[in-house]
Amino acid sequence: HGMIGMPICEKYPEEAKEVNQDSIKEICKYIGKDQIIVYPNTNSSYGAQPGICDENTKMKPLSLYAKTKDEGEKYIAELPNSKIFRLATVFGATCGRQRFDLLFNNMVLNAYFTSKIELYEGDFYRNFVSVNDVAQCFEWSIRNINGTNIFNLANEKLNIKKREMAEIIADFTGCSIEEKLDSDIDKRDCRVSAQKLKLAGYEAKINFTHELPNLLDLCERLPYNKEDREHVLKFMRNFP
């Protein structure tokens with residue numbers, strides 16, 4: 001449930017507030033005390049901060065997307081039995097609607113179809129988590145976490161600079177990296193701690209190289225060939 005990502009929320013700001021914030025407030029009115037709520041939030045609300053962000057770090061959302069999701073979290077946190085996960089940027093292949101707008105997935109798409117990654121502000125830190133770790137953690141939390149709690153859900157080994165991530169893809173695929181002087185429209189720059197979740201019993205461990213073959217296989221099965229660039233580029237526009 002949500003309008004996910006900075007670009008779509010900036011394009012439709014009223015709808016973003018209605019879906020990500022107002023509707024969550026309305027839904028919470030009808031949640032029974034025995035109902036379990038698993039709420040996938042974003043950790044985009046940490047914004048750009050030095051050091052390591054944990055669950056007590058003050059939120060500094062930079063985008064409308066982050067602001068509306070942060071407000072939605074506040075309503076969920078008032079419920080008696082909710083598990084709130086502040087997700088790192090998710091990556092990996094899915095069996096449903098595949099998202100190629102997510103940073104790592106988008107870079108893999110670029111690498112496959114254009115043999116090049118365009119990199120903006122490569123020294124910015126981002127944090128990541130595999131979609132498979134997310135699914136497993138949600139299931140695990142329903143069975144193992146009592147009451148209301150908030151967790152960062154991230155693979156701590158993937159607190160890395162965007163340049164380092166691009167180099168992993170380039171080493172795997174043989175593509176080139178073109179560093180751009182333009183400013184990144186997404187100014188997030190932070191690392192996160194997942195120690196609270198680890199102490200509770202779950203640790204995200206799936207890395208980039210595990211998911212890379214699956215993403216490349218999806219690229220091969222898209223209904224376009226490498227020469228059909230205009231169709232492919234529609235996935236890439238407005239994403240670094």
Side-chain angles (χ1 to χ4, degrees), residues 2-11 40-49 53 61-66 69 85-94 97-134 152-173 175-180 182-192 194 204 206-216 218-219 222 232-240:
M3 288 182 63
I4 307 303
M6 181 182 68
I8 191 68
C9 290
E10 296 298 330
K11 187 174 182 179
N41 196 8
T42 174
N43 71 20
S44 297
S45 294
Y46 291 130
Q49 302 198 47
C53 298
L62 298 174
S63 66
L64 179 64
Y65 167 57
K69 290 293 290 182
F85 294 97
R86 296 173 179 168
L87 304 184
T89 298
V90 180
F91 67 92
T94 65
R97 186 178 77 84
Q98 177 62 38
R99 287 189 63 188
F100 279 114
D101 57 314
L102 297 165
L103 184 58
F104 181 82
N105 295 358
N106 191 255
M107 285 190 176
V108 173
L109 189 77
N110 274 272
Y112 180 81
F113 280 102
T114 71
S115 299
K116 180 178 67 176
I117 292 173
E118 294 184 346
L119 180 64
Y120 296 81
E121 293 176 323
D123 286 330
F124 279 24
Y125 276 99
R126 294 288 179 84
N127 46 86
F128 298 88
V129 65
S130 163
V131 65
N132 289 296
D133 263 321
V134 172
N152 287 335
L153 177 47
N155 183 336
E156 286 195 329
K157 293 181 179 179
L158 300 182
N159 275 311
I160 64 174
K161 293 181 178 181
K162 291 166 62 178
R163 182 180 297 106
E164 295 175 283
M165 181 188 64
E167 288 170 350
I168 291 171
I169 299 171
D171 289 344
F172 197 93
T173 65
C175 76
S176 64
I177 299 173
E178 180 181 331
E179 297 223 22
K180 309 292 285 188
D182 305 28
S183 177
D184 190 347
I185 60 172
D186 190 338
K187 297 297 183 182
R188 282 177 291 158
D189 182 12
C190 73
R191 290 164 286 172
V192 299
I206 299 173
N207 59 29
F208 289 141
T209 53
H210 177 89
E211 292 288 356
L212 259 167
N214 299 327
L215 284 167
L216 291 170
L218 271 180
C219 289
L222 286 172
V232 175
L233 288 173
K234 73 178 182 180
F235 288 116
M236 303 180 186
R237 293 191 180 103
N238 301 318
F239 297 100

Engineer: Say you draw a straight line from CD1 of Ile8 to CG of Leu64; how long is it, rounded to the nearest 0.5 Å?
Structural biologist: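 Reported to 0.5 Å precision, the distance equals 11.5 Å.
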Engineer: Rounded to the nearest 0.5 Å, what's the gap from CD1 on Ile177 to CG on Leu119? Could you check?
Structural biologist: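 Separation between the atoms: 6.5 Å.
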Engineer: Does Thr89 use its side chain to pair, donor to acceptor, with the backbone of Phe128 at less than 3.5 Å?
Structural biologist: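 Here the side-chain-to-backbone pair does not exist.
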Engineer: When rounded to the nearest 0.5 angstrom, what distance separates CZ in Phe100 from OH in Tyr112?
Structural biologist: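 Going from the CZ atom of Phe100 to the OH atom of Tyr112 covers 10.5 Å.
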Engineer: With sequence neighbours left out, write down each residue that passes ring pair (Phe, Tyr, Trp, His ring centres under 6.0 Å) with Phe91, or none if nothing qualifies.
Structural biologist: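 For Phe91, the residues satisfying ring pair (Phe, Tyr, Trp, His ring centres under 6.0 Å) (neighbours in sequence not counted) are Phe104, Phe208.
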Engineer: Could you walk me through whether Leu215 and Gln98 satisfy the side-chain contact (heavy atoms from CB on, under 4.5 Å) test, starting with their C-alpha distance in whole Å, then the side-chain angles of each, then the deciding distance to 0.1 Å, before giving a yes or no?
Structural biologist: CA-CA 9 Å; Leu215 284 167; Gln98 177 62 38; 3.7 Å; yes
Engineer: How far does OG1 of Thr94 sit from CG of Leu218, to the nearest 0.5 angstrom?
Structural biologist: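 It comes to 7.0 Å.
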Engineer: side-chain contact (heavy atoms from CB on, under 4.5 Å), that's the test. Do Val90 and Val129 meet it? Break it down for me.
Structural biologist: CA-CA 5 Å; Val90 180; Val129 65; 4.0 Å; yes
Engineer: Would you name the heavy atoms of Lys161 and Gly122 that are closest together and state the gap between them?
Structural biologist: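 Reported closest heavy-atom pair: CB-O, 3.5 Å.
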Engineer: Using the side-chain contact (heavy atoms from CB on, under 4.5 Å) rule, take Val108 and Leu216 through it: C-alpha gap first, then chi angles, then the decisive distance, then the call.
Structural biologist: CA-CA 7 Å; Val108 173; Leu216 291 170; 3.7 Å; yes
Engineer: Might you point out which heavy atoms bring Ala93 and Val131 nearest each other, and give the distance in Å?
Structural biologist: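 Of all heavy-atom pairs spanning Ala93 and Val131, the closest is O-CG1, 3.6 Å.
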Engineer: Are Asn105 and Glu211 linked by a side-chain donor-acceptor pair shorter than 3.5 Å?
Structural biologist: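 Side chains of Asn105 and Glu211: no pair found under 3.5 Å.
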Engineer: Which heavy atom of Thr173 sits nearest a heavy atom of Ala111, and at what distance?
Structural biologist: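 Residues Thr173 and Ala111, closest heavy atoms: OG1-CB, 3.8 Å.
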Engineer: Closest approach of Cys219 and Leu109, non-hydrogen atoms and distance?
Structural biologist: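 So the two residues come closest at SG-CD1, 3.8 Å.
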Engineer: Taking atom CZ of Arg126 and atom CG of Leu158, what is their separation to the nearest 0.5 Å?
Structural biologist: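 CG of Leu158 is found 14.0 Å from CZ of Arg126.
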Engineer: Spell out, as yes or no, whether a donor-acceptor pair under 3.5 Å connects the side chain of Lys162 to the backbone of Tyr120.
Structural biologist: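 Yes, Lys162 side chain to Tyr120 backbone: donor-acceptor pair under 3.5 Å.
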Engineer: So which heavy atom on Arg188 is nearest to which on Leu62, and how close?
Structural biologist: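 Nearest heavy atoms, Arg188 then Leu62: N-CD1, 4.1 Å.
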Engineer: Please list, chain by chain and in numerical order, all residues satisfying side chain to side chain contact (heavy atoms under 4.5 Å, CB included) with Lys157, sequence neighbours excluded.
Structural biologist: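 Lys157: side chain to side chain contact (heavy atoms under 4.5 Å, CB included) contacts with Asn155.
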Engineer: Taking only residues two or more places apart in sequence, or in another chain, which ones meet Ala154 in a side chain to side chain contact (heavy atoms under 4.5 Å, CB included)?
Structural biologist: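 Ala154 satisfies side chain to side chain contact (heavy atoms under 4.5 Å, CB included) with Ala88, Val192 once adjacent residues are dropped.
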Engineer: Which heavy-atom pair separates Met165 from Met107 by the least distance, and what is that distance?
Structural biologist: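 Smallest heavy-atom distance, with atoms named: CE-SD, 3.3 Å.
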Engineer: Tell me, please, which residues at least two apart from Tyr46 pass side-chain hydrogen bond (donor to acceptor under 3.5 Å, both in side chains).
Structural biologist: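 Counting only residues at least two positions away or on another chain, Tyr46 forms a side-chain hydrogen bond (donor to acceptor under 3.5 Å, both in side chains) with Arg86, Asn152.
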Engineer: Yes or no on side-chain contact (heavy atoms from CB on, under 4.5 Å) for Glu118 and Asn110, after CA distance, side-chain angles and deciding distance?
Structural biologist: CA-CA 8 Å; Glu118 294 184 346; Asn110 274 272; 5.7 Å; no
Engineer: Please enumerate all residues that pass side chain to side chain contact (heavy atoms under 4.5 Å, CB included) together with Lys11, with sequence neighbours excluded.
Structural biologist: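 Lys11: no side chain to side chain contact (heavy atoms under 4.5 Å, CB included) contacts found.
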Engineer: Not counting sequence neighbours, which residues clear side chain to side chain contact (heavy atoms under 4.5 Å, CB included) with Arg191? List them please.
Structural biologist: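 Result, side chain to side chain contact (heavy atoms under 4.5 Å, CB included) vs Arg191: Ile52, Tyr125, Asn159.
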Engineer: What is the distance from atom CG of Leu87 to atom CD1 of Ile4, rounded to the nearest 0.5 Å?
Structural biologist: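 Reported to 0.5 Å precision, the distance equals 9.0 Å.
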